[in-house]
Amino acid sequence: MGKRSRVRGDSSQESGANHFTGMCLGKSLGDLTSRGVAHDPFHGRQEEYDNGLPLDAPVVLILHGIGGCAYDSYVKRLVSGCADRGWRPVVFSYWRLDWMETRDMEAVVDHIVGRYPSALLFGVAFSAGAHVLATYLAHARKDTPMVPSFKMPL
């Protein structure tokens, strides 16, 4: 077994054997705006928004490396960059250390898609987190709601 999977943020929800909490690092675009990290480019009816972003704002699922956490500088920079562009950053932290296990990723992806069904879902992963993401994608194949994209630094 490993650690329970968690997406930093709000209330707990159970899904079979998986247990995690969900939302954005920084809690909302408003939190980032008040700290001068991001601007709020969106205006409109409240029911069309969640945490300061439209419900169809692209979601960027971020996985840190094996020794990392949601508070590492490289994760915070990516979160700020996403929020500044009007994308919804979600940090998946505390994934289990079982290299072929995909239940945690499946639970997180299902939670995000359930909460934001009209949003595009992208994944960005670092180091061992990239292995977790790649294992999930290999297992899910065409059944994943994630947008296919891949880039490696040269």
Side-chain angles (χ1 to χ4, degrees), residues 1-33 35 37-38 50-53 55-154:
M1 208 70 143
K3 292 183 181 179
R4 288 182 173 175
S5 60
R6 226 181 339 179
V7 181
R8 172 138 167 77
D10 65 338
S11 64
S12 299
Q13 297 184 9
E14 295 226 11
S15 172
N18 298 307
H19 181 259
F20 63 93
T21 59
M23 250 347 286
C24 297
L25 178 67
K27 201 69 167 144
S28 73
L29 183 61
D31 292 344
L32 294 172
T33 307
R35 290 182 291 181
V37 176
D50 182 41
N51 288 329
L53 293 171
L55 296 175
D56 63 351
V59 176
V60 179
L61 177 57
I62 304 166
L63 287 81
H64 58 72
I66 195 169
C69 72
Y71 299 103
D72 284 341
S73 59
Y74 66 95
V75 174
K76 287 198 231 179
R77 280 192 305 271
L78 182 56
V79 166
S80 292
C82 289
D84 203 29
R85 288 166 179 78
W87 304 338
R88 187 179 311 281
V90 177
V91 177
F92 175 28
S93 197
Y94 306 110
W95 35 266
R96 74 183 76 217
L97 194 56
D98 182 348
W99 298 116
M100 298 311 293
E101 179 59 58
T102 61
R103 288 179 296 168
D104 294 339
M105 271 295 292
E106 291 166 5
V108 169
V109 168
D110 289 348
H111 177 74
I112 292 169
V113 169
R115 189 160 182 166
Y116 306 106
S118 59
L120 294 174
L121 175 58
F122 298 89
V124 177
F126 299 90
S127 191
H131 180 82
V132 171
L133 178 58
T135 301
Y136 161 76
L137 292 172
H139 177 73
R141 299 186 183 254
K142 292 182 180 181
D143 292 333
T144 182
M146 297 185 83
V147 175
S149 177
F150 191 84
K151 181 175 182 178
M152 290 185 63
L154 299 175

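By the side-chain hydrogen bond (donor to acceptor under 3.5 Å, both in side chains) test, S127 is found to be paired with no residue, residues two or more places apart in sequence or in another chain being considered. Residues satisfying the side chain to side chain contact (heavy atoms under 4.5 Å, CB included) criterion with R141, sequence neighbours excluded, are absent altogether. Legend: residues meeting side chain to side chain contact (heavy atoms under 4.5 Å, CB included) with V124, ordered by chain and number and at least two apart, are V60, L78, F126.
The minimum heavy-atom distance between C69 and S93, with the atom names listed, is CA-OG, 4.4 Å. P89 and C82 get closest at one heavy-atom pair: CB-CB, 4.0 Å. Scanning all heavy atoms of the two residues, the minimum distance from P58 to G86 falls at CD-O, 4.2 Å. Between E106 and Y136 the shortest heavy-atom distance is CG-CE1, 3.8 Å. Nearest heavy-atom pair, Y74 versus H64, reported as atom, atom and distance to 0.1 Å: OH-CB, 3.4 Å. The minimum heavy-atom distance between L63 and L133, with the atom names listed, is CD2-N, 4.3 Å.
Tested against F122 for a side chain to side chain contact (heavy atoms under 4.5 Å, CB included), the candidates L61, V59, V147 yield a single pass: V147.
With rounding to the nearest 0.5 Å, the separation of CG in L137 from CE in M105 is 6.5 Å. Interatomic distance, CD1 of I112 versus CG of L121, reported as 5.5 Å (0.5 Å rounding).
Listed for the R88 side chain is a donor-acceptor partner under 3.5 Å among the backbone atoms of D50.
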